Amino acid sequence: MHYRVLGRSGIDVSLLSLGTGGASQFGQKTGVDDAGRKRLVHVALDHGINLFDTAELYGRSEELLGMALEGVPRDRYLLATKWPYRRGDEFAEAGALTRSVENSLRLLKTDVIDIMQFHGILPGDYDPVVDRFMPEMKRLRDAGKIRLIGFTEMMTKDPKATIPLKGVTDHPNDWDVIMLKYGILNQWAAKEVLPLAEKHGVGIMNMAPVRQTLTRDDERKALFDQWRRDGSVDVSSLDENDPFGWLVHDDVNSVIDAGYRFAAMHSGISTVITGTANVEHLEANVRSLEAESLNVPDYRRLLELFGNSAAPN
Ligand SMILES: NC(=O)c1ccc[n+]([C@@H]2O[C@H](COP(=O)([O-])OP(=O)(O)OC[C@H]3O[C@@H](n4cnc5c(N)ncnc54)[C@H](OP(=O)(O)O)[C@@H]3O)[C@@H](O)[C@H]2O)c1
(Lines give C-alpha, C1' and ligand atoms only; values in the text may rest on other atoms or scores of the structure.)
Protein backbone atom coordinates (compact mmCIF):
# COMPACT_ATOMS: atom_id res chain seq x y z
CA MET A 1 0.00 0.00 0.00
CA HIS A 2 1.17 3.50 -0.75
CA TYR A 3 0.62 6.26 1.81
CA ARG A 4 0.18 9.99 1.42
CA VAL A 5 0.21 12.77 3.97
CA LEU A 6 -3.26 14.02 4.85
CA GLY A 7 -2.68 17.72 4.25
CA ARG A 8 -1.17 19.77 7.06
CA SER A 9 -2.31 17.22 9.67
CA GLY A 10 0.90 15.36 8.86
CA ILE A 11 -0.92 12.04 9.27
CA ASP A 12 0.00 9.23 6.87
CA VAL A 13 -3.10 7.87 5.21
CA SER A 14 -3.36 4.84 2.96
CA LEU A 15 -3.93 5.71 -0.69
CA LEU A 16 -6.99 3.45 -0.68
CA SER A 17 -9.46 3.78 2.17
CA LEU A 18 -12.74 1.99 2.85
CA GLY A 19 -16.13 3.69 2.92
CA THR A 20 -19.27 2.30 4.50
CA GLY A 21 -21.81 4.29 2.49
CA GLY A 22 -22.62 4.30 -1.22
CA ALA A 23 -24.83 1.71 -2.83
CA SER A 24 -23.62 -1.15 -0.66
CA GLN A 25 -23.64 0.63 2.72
CA PHE A 26 -21.02 -1.72 4.17
CA GLY A 27 -22.92 -4.70 2.81
CA GLN A 28 -26.22 -3.75 4.48
CA LYS A 29 -27.74 -3.46 0.99
CA THR A 30 -25.84 -6.34 -0.62
CA GLY A 31 -26.46 -9.18 1.82
CA VAL A 32 -23.16 -9.19 3.68
CA ASP A 33 -23.44 -10.39 7.28
CA ASP A 34 -21.44 -9.37 10.37
CA ALA A 35 -18.82 -12.07 9.80
CA GLY A 36 -18.44 -10.92 6.19
CA ARG A 37 -18.00 -7.33 7.32
CA LYS A 38 -15.36 -8.35 9.84
CA ARG A 39 -13.53 -10.25 7.11
CA LEU A 40 -13.75 -7.24 4.77
CA VAL A 41 -12.32 -4.92 7.42
CA HIS A 42 -9.50 -7.34 8.28
CA VAL A 43 -8.63 -7.85 4.61
CA ALA A 44 -8.48 -4.06 4.33
CA LEU A 45 -6.24 -3.76 7.39
CA ASP A 46 -4.01 -6.59 6.18
CA HIS A 47 -3.49 -4.70 2.93
CA GLY A 48 -2.48 -1.61 4.87
CA ILE A 49 -5.72 0.39 4.64
CA ASN A 50 -5.79 2.65 7.67
CA LEU A 51 -8.82 4.90 7.11
CA PHE A 52 -12.48 3.96 7.39
CA ASP A 53 -15.23 6.41 6.48
CA THR A 54 -18.77 6.24 7.81
CA ALA A 55 -21.72 8.51 8.65
CA GLU A 56 -24.75 8.84 10.86
CA LEU A 57 -26.87 8.55 7.70
CA TYR A 58 -25.48 5.22 6.45
CA GLY A 59 -28.04 2.97 8.13
CA ARG A 60 -26.29 1.08 10.96
CA SER A 61 -22.82 1.52 9.43
CA GLU A 62 -21.25 3.28 12.41
CA GLU A 63 -22.34 0.55 14.79
CA LEU A 64 -21.39 -2.23 12.35
CA LEU A 65 -17.99 -0.67 11.73
CA GLY A 66 -17.42 -0.41 15.48
CA MET A 67 -18.23 -4.11 15.77
CA ALA A 68 -16.02 -5.13 12.85
CA LEU A 69 -13.06 -3.21 14.29
CA GLU A 70 -13.45 -4.56 17.82
CA GLY A 71 -10.14 -5.84 19.16
CA VAL A 72 -8.03 -4.04 16.55
CA PRO A 73 -5.50 -1.70 18.22
CA ARG A 74 -6.86 1.82 17.87
CA ASP A 75 -3.57 3.19 16.56
CA ARG A 76 -3.87 0.97 13.46
CA TYR A 77 -6.71 2.92 11.94
CA LEU A 78 -8.33 6.33 11.51
CA LEU A 79 -12.07 6.91 11.72
CA ALA A 80 -13.96 9.49 9.70
CA THR A 81 -17.65 10.11 10.22
CA LYS A 82 -20.21 12.76 9.32
CA TRP A 83 -23.05 14.78 10.75
CA PRO A 84 -26.15 15.72 8.72
CA TYR A 85 -26.55 19.41 9.54
CA ARG A 86 -30.04 19.48 8.02
CA ARG A 87 -33.24 17.80 9.02
CA GLY A 88 -35.23 18.12 5.80
CA ASP A 89 -35.97 21.78 5.20
CA GLU A 90 -34.62 22.91 8.56
CA PHE A 91 -31.12 23.32 9.90
CA ALA A 92 -30.40 21.20 12.96
CA GLU A 93 -30.75 22.84 16.34
CA ALA A 94 -27.90 23.96 18.59
CA GLY A 95 -26.38 21.03 20.46
CA ALA A 96 -27.40 18.41 17.89
CA LEU A 97 -23.83 18.15 16.58
CA THR A 98 -22.45 17.43 20.03
CA ARG A 99 -25.12 14.80 20.66
CA SER A 100 -24.37 13.19 17.31
CA VAL A 101 -20.63 13.07 18.04
CA GLU A 102 -21.31 11.46 21.45
CA ASN A 103 -23.51 8.88 19.74
CA SER A 104 -20.92 8.20 17.02
CA LEU A 105 -18.23 7.71 19.69
CA ARG A 106 -20.44 5.17 21.44
CA LEU A 107 -21.35 3.28 18.25
CA LEU A 108 -17.78 3.27 16.98
CA LYS A 109 -16.54 2.17 20.43
CA THR A 110 -13.87 4.83 20.59
CA ASP A 111 -13.03 7.95 22.55
CA VAL A 112 -11.99 10.10 19.61
CA ILE A 113 -13.13 10.60 16.01
CA ASP A 114 -10.17 11.38 13.78
CA ILE A 115 -12.10 13.23 11.07
CA MET A 116 -15.49 14.80 11.79
CA GLN A 117 -17.29 16.12 8.74
CA PHE A 118 -20.37 18.14 7.91
CA HIS A 119 -22.19 15.80 5.57
CA GLY A 120 -23.01 16.91 2.04
CA ILE A 121 -23.03 20.70 2.26
CA LEU A 122 -25.54 21.90 -0.32
CA PRO A 123 -24.99 24.90 -2.59
CA GLY A 124 -26.30 27.88 -0.64
CA ASP A 125 -25.73 26.28 2.76
CA TYR A 126 -22.00 26.86 3.12
CA ASP A 127 -22.10 30.22 4.94
CA PRO A 128 -24.89 29.30 7.38
CA VAL A 129 -23.21 25.98 8.18
CA VAL A 130 -19.94 27.72 9.00
CA ASP A 131 -21.65 30.51 10.97
CA ARG A 132 -23.97 28.26 12.97
CA PHE A 133 -21.94 25.14 13.56
CA MET A 134 -18.21 25.75 13.22
CA PRO A 135 -17.86 27.14 16.77
CA GLU A 136 -19.48 23.96 18.17
CA MET A 137 -17.23 21.80 15.96
CA LYS A 138 -14.16 23.62 17.29
CA ARG A 139 -15.32 23.16 20.88
CA LEU A 140 -15.55 19.43 20.23
CA ARG A 141 -11.99 19.48 18.92
CA ASP A 142 -10.82 21.49 21.94
CA ALA A 143 -12.51 18.92 24.20
CA GLY A 144 -10.57 16.12 22.47
CA LYS A 145 -13.66 14.38 21.06
CA ILE A 146 -12.55 14.93 17.46
CA ARG A 147 -9.16 15.61 15.88
CA LEU A 148 -9.70 17.03 12.38
CA ILE A 149 -12.55 19.07 10.92
CA GLY A 150 -13.91 18.61 7.43
CA PHE A 151 -16.93 18.57 5.18
CA THR A 152 -18.15 16.57 2.22
CA GLU A 153 -19.67 17.87 -0.98
CA MET A 154 -23.00 16.75 -2.38
CA MET A 155 -21.73 15.68 -5.79
CA THR A 156 -25.16 15.05 -7.31
CA LYS A 157 -26.27 18.63 -6.53
CA ASP A 158 -22.88 20.30 -6.98
CA PRO A 159 -20.95 18.45 -9.70
CA LYS A 160 -18.66 21.42 -10.32
CA ALA A 161 -17.48 21.36 -6.69
CA THR A 162 -18.45 24.96 -5.95
CA ILE A 163 -18.72 24.23 -2.21
CA PRO A 164 -15.25 22.66 -1.93
CA LEU A 165 -14.00 25.73 -3.85
CA LYS A 166 -15.62 28.02 -1.27
CA GLY A 167 -14.04 25.94 1.46
CA VAL A 168 -10.48 26.24 0.18
CA THR A 169 -11.01 29.89 -0.78
CA ASP A 170 -12.89 31.33 2.21
CA HIS A 171 -11.64 29.22 5.15
CA PRO A 172 -8.62 27.19 4.07
CA ASN A 173 -7.22 27.18 7.59
CA ASP A 174 -10.41 25.92 9.23
CA TRP A 175 -10.77 22.83 7.07
CA ASP A 176 -8.28 20.06 7.69
CA VAL A 177 -9.99 17.77 5.20
CA ILE A 178 -12.52 18.05 2.38
CA MET A 179 -14.19 15.07 0.74
CA LEU A 180 -15.06 15.47 -2.93
CA LYS A 181 -15.39 13.45 -6.08
CA TYR A 182 -12.58 13.50 -8.62
CA GLY A 183 -12.46 10.88 -11.36
CA ILE A 184 -12.24 10.18 -15.07
CA LEU A 185 -15.67 11.77 -15.66
CA ASN A 186 -15.48 14.30 -12.82
CA GLN A 187 -12.37 16.36 -13.37
CA TRP A 188 -13.73 19.74 -12.37
CA ALA A 189 -11.96 19.80 -8.99
CA ALA A 190 -8.57 19.78 -10.75
CA LYS A 191 -9.17 23.27 -12.10
CA GLU A 192 -8.97 25.20 -8.83
CA VAL A 193 -9.91 23.16 -5.77
CA LEU A 194 -7.08 20.62 -5.79
CA PRO A 195 -4.29 23.16 -6.43
CA LEU A 196 -5.66 25.42 -3.66
CA ALA A 197 -6.04 22.48 -1.29
CA GLU A 198 -2.40 21.54 -1.89
CA LYS A 199 -1.30 25.12 -1.40
CA HIS A 200 -3.08 25.42 1.94
CA GLY A 201 -2.45 21.90 3.20
CA VAL A 202 -6.08 20.78 3.12
CA GLY A 203 -6.28 16.98 2.87
CA ILE A 204 -8.58 15.67 0.13
CA MET A 205 -10.51 12.43 0.44
CA ASN A 206 -11.66 11.36 -3.03
CA MET A 207 -15.06 9.73 -2.70
CA ALA A 208 -16.95 7.58 -5.12
CA PRO A 209 -14.19 7.30 -7.76
CA VAL A 210 -16.09 4.88 -9.99
CA ARG A 211 -19.63 4.92 -8.56
CA GLN A 212 -22.29 4.51 -11.28
CA THR A 213 -21.03 6.00 -14.51
CA LEU A 214 -17.92 3.84 -14.64
CA THR A 215 -19.53 0.67 -13.32
CA ARG A 216 -22.86 0.64 -15.14
CA ASP A 217 -23.17 0.74 -18.93
CA ASP A 218 -26.73 2.12 -18.77
CA GLU A 219 -25.70 5.06 -16.56
CA ARG A 220 -22.66 5.81 -18.69
CA LYS A 221 -24.72 5.60 -21.88
CA ALA A 222 -27.35 7.99 -20.51
CA LEU A 223 -24.64 10.47 -19.54
CA PHE A 224 -22.83 10.26 -22.89
CA ASP A 225 -26.15 10.63 -24.76
CA GLN A 226 -26.83 13.78 -22.74
CA TRP A 227 -23.35 15.13 -23.53
CA ARG A 228 -23.93 14.40 -27.22
CA ARG A 229 -27.21 16.34 -27.05
CA ASP A 230 -26.00 19.35 -25.09
CA GLY A 231 -22.48 19.40 -26.59
CA SER A 232 -20.84 20.06 -23.21
CA VAL A 233 -18.35 17.20 -23.62
CA ASP A 234 -17.24 15.97 -27.05
CA VAL A 235 -17.35 12.18 -26.99
CA SER A 236 -17.66 11.80 -30.77
CA SER A 237 -14.21 10.22 -31.10
CA LEU A 238 -15.18 7.32 -28.82
CA ASP A 239 -16.78 4.03 -29.76
CA GLU A 240 -20.44 4.31 -28.78
CA ASN A 241 -20.63 0.79 -27.42
CA ASP A 242 -17.19 0.53 -25.88
CA PRO A 243 -15.95 4.08 -25.24
CA PHE A 244 -13.20 3.04 -22.83
CA GLY A 245 -11.91 -0.04 -24.62
CA TRP A 246 -8.71 1.82 -25.57
CA LEU A 247 -7.85 2.21 -21.88
CA VAL A 248 -7.80 -1.52 -21.26
CA HIS A 249 -4.42 -2.86 -22.30
CA ASP A 250 -1.20 -4.17 -20.76
CA ASP A 251 -1.82 -4.51 -17.03
CA VAL A 252 -4.94 -2.26 -16.97
CA ASN A 253 -7.69 -4.84 -16.99
CA SER A 254 -10.92 -2.83 -16.85
CA VAL A 255 -12.31 0.68 -16.86
CA ILE A 256 -12.84 0.30 -13.09
CA ASP A 257 -9.14 -0.46 -12.70
CA ALA A 258 -8.34 2.60 -14.82
CA GLY A 259 -10.85 4.64 -12.79
CA TYR A 260 -9.14 3.89 -9.48
CA ARG A 261 -5.69 4.58 -10.90
CA PHE A 262 -6.85 7.89 -12.40
CA ALA A 263 -8.52 8.90 -9.12
CA ALA A 264 -5.17 8.82 -7.32
CA MET A 265 -2.99 10.42 -9.99
CA HIS A 266 -3.49 14.05 -8.96
CA SER A 267 -1.05 14.95 -6.21
CA GLY A 268 -3.79 16.93 -4.43
CA ILE A 269 -5.62 13.71 -3.60
CA SER A 270 -4.68 12.27 -0.20
CA THR A 271 -6.75 9.11 -0.34
CA VAL A 272 -9.27 7.40 -2.62
CA ILE A 273 -12.28 5.85 -0.89
CA THR A 274 -13.77 2.66 -2.22
CA GLY A 275 -17.33 1.83 -1.20
CA THR A 276 -17.31 -1.85 -2.04
CA ALA A 277 -18.25 -4.47 0.54
CA ASN A 278 -17.11 -7.27 -1.75
CA VAL A 279 -13.73 -8.70 -0.73
CA GLU A 280 -12.71 -9.60 -4.30
CA HIS A 281 -13.54 -6.09 -5.49
CA LEU A 282 -11.68 -4.59 -2.56
CA GLU A 283 -8.59 -6.62 -3.38
CA ALA A 284 -8.84 -5.64 -7.06
CA ASN A 285 -9.01 -1.99 -6.02
CA VAL A 286 -5.99 -2.44 -3.75
CA ARG A 287 -4.09 -3.86 -6.75
CA SER A 288 -5.14 -0.87 -8.86
CA LEU A 289 -3.67 1.57 -6.38
CA GLU A 290 -0.53 -0.47 -5.83
CA ALA A 291 0.06 -0.69 -9.60
CA GLU A 292 1.70 1.89 -11.82
CA SER A 293 -0.29 4.99 -12.75
CA LEU A 294 -1.97 5.08 -16.16
CA ASN A 295 0.55 5.68 -18.92
CA VAL A 296 1.13 9.27 -19.98
CA PRO A 297 -0.61 9.15 -23.41
CA ASP A 298 -3.75 7.56 -21.93
CA TYR A 299 -3.76 9.98 -19.02
CA ARG A 300 -3.36 12.95 -21.39
CA ARG A 301 -6.17 11.69 -23.59
CA LEU A 302 -8.46 11.45 -20.55
CA LEU A 303 -7.57 15.03 -19.61
CA GLU A 304 -8.25 16.20 -23.18
CA LEU A 305 -11.52 14.32 -23.46
CA PHE A 306 -13.00 14.92 -20.01
CA GLY A 307 -11.11 17.90 -18.58
CA ASN A 308 -14.39 19.87 -18.62
CA SER A 309 -16.60 17.03 -17.45
CA ALA A 310 -18.59 17.15 -14.25
CA ALA A 311 -20.71 14.04 -14.13
CA PRO A 312 -23.00 14.11 -11.10
CA ASN A 313 -22.42 10.45 -10.28
N1 LIG B 1 -21.52 13.07 0.13
C2 LIG B 1 -20.80 12.16 0.76
O3 LIG B 1 -20.45 12.37 1.89
C4 LIG B 1 -20.46 10.86 0.08
C5 LIG B 1 -21.09 10.51 -1.13
C6 LIG B 1 -20.72 9.32 -1.75
C7 LIG B 1 -19.74 8.52 -1.17
N8 LIG B 1 -19.14 8.87 0.01
C9 LIG B 1 -18.11 8.00 0.63
O10 LIG B 1 -17.34 7.39 -0.41
C11 LIG B 1 -17.47 5.96 -0.32
C12 LIG B 1 -17.45 5.33 -1.70
O13 LIG B 1 -18.60 5.76 -2.42
P14 LIG B 1 -19.44 4.84 -3.41
O15 LIG B 1 -19.58 3.49 -2.86
O16 LIG B 1 -20.66 5.61 -3.72
O17 LIG B 1 -18.57 4.86 -4.72
P18 LIG B 1 -17.51 3.87 -5.39
O19 LIG B 1 -16.67 3.23 -4.37
O20 LIG B 1 -16.87 4.67 -6.47
O21 LIG B 1 -18.45 2.85 -6.15
C22 LIG B 1 -18.98 1.74 -5.57
C23 LIG B 1 -19.64 0.96 -6.69
O24 LIG B 1 -18.60 0.47 -7.54
C25 LIG B 1 -18.63 -0.95 -7.54
N26 LIG B 1 -17.24 -1.43 -7.50
C27 LIG B 1 -16.22 -0.98 -6.72
N28 LIG B 1 -15.10 -1.67 -6.99
C29 LIG B 1 -15.41 -2.57 -7.94
C30 LIG B 1 -14.67 -3.56 -8.64
N31 LIG B 1 -13.37 -3.75 -8.39
N32 LIG B 1 -15.31 -4.31 -9.57
C33 LIG B 1 -16.62 -4.12 -9.83
N34 LIG B 1 -17.38 -3.19 -9.21
C35 LIG B 1 -16.78 -2.42 -8.27
C36 LIG B 1 -19.38 -1.34 -6.30
O37 LIG B 1 -20.01 -2.58 -6.49
P38 LIG B 1 -19.84 -3.75 -5.39
O39 LIG B 1 -20.51 -3.26 -4.18
O40 LIG B 1 -20.46 -4.91 -6.07
O41 LIG B 1 -18.35 -3.92 -5.24
C42 LIG B 1 -20.40 -0.22 -6.16
O43 LIG B 1 -21.50 -0.42 -7.01
C44 LIG B 1 -18.75 5.72 0.47
O45 LIG B 1 -18.75 4.46 1.10
C46 LIG B 1 -18.70 6.85 1.45
O47 LIG B 1 -17.82 6.52 2.49
C48 LIG B 1 -19.49 10.03 0.63
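Read the numbers this way: they start at 1 and go in the same order the structure lists the ligands and their atoms. Model, not experiment: these values are computed from the prediction.
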*Would you say the side-chain atoms of Asp114 pair up with the backbone N or O of Leu79, donor to acceptor, closer than 3.5 Å?*
yes
_Basic-acidic side-chain contact under 4.0 Å: Lys145, Glu102_ = yes
*Does a side-chain heavy-atom distance below 4.5 Å link Leu69 with Lys109?*
no
*Side chain, backbone, both or neither: which part of Ile256 comes within less than 4.0 Å of ligand 1 when only heavy atoms are counted?*
side chain
*Around atom 15 (O) of ligand 1, find the nearest protein heavy atom and jot down its residue, atom name and distance.*
Gly275 CA, 3.2 Å
*Taking the six-membered ring of Phe91, is the NZ or CZ of Arg132 close enough (under 6.0 Å from the centre) and on axis enough (within 45°)?*
yes
*Look at atom 17 (O) of ligand 1 and say which protein heavy atom is nearest, naming residue and atom and giving the distance to 0.1 Å.*
Ala208 CA, 3.2 Å
_Strictly inside 4.0 angstrom of atom 13 (O) of ligand 1, do you find any protein heavy atom?_
yes
_I want to check something: taking the side chain as every heavy atom from C-beta on, are Leu122 and Arg86 in contact at a cut-off of under 4.5 Å?_
yes
_Strictly inside 4.0 angstrom of atom 42 (C) of ligand 1, do you find any protein heavy atom?_
no
_atom 6 (C) of ligand 1 [closest protein heavy-atom partner, distance rounded to 0.1 Å]_ = Arg211 NH1, 3.5 Å
*asked:* Checking contacts here: is it the side chain or the backbone of Gln212 that comes within 4.0 Å of ligand 1, counting heavy atoms only? Could be both or neither.
replied: neither
*What is the closest protein heavy atom to atom 35 (C) of ligand 1, and at what distance does it sit?*
His281 ND1, 3.7 Å
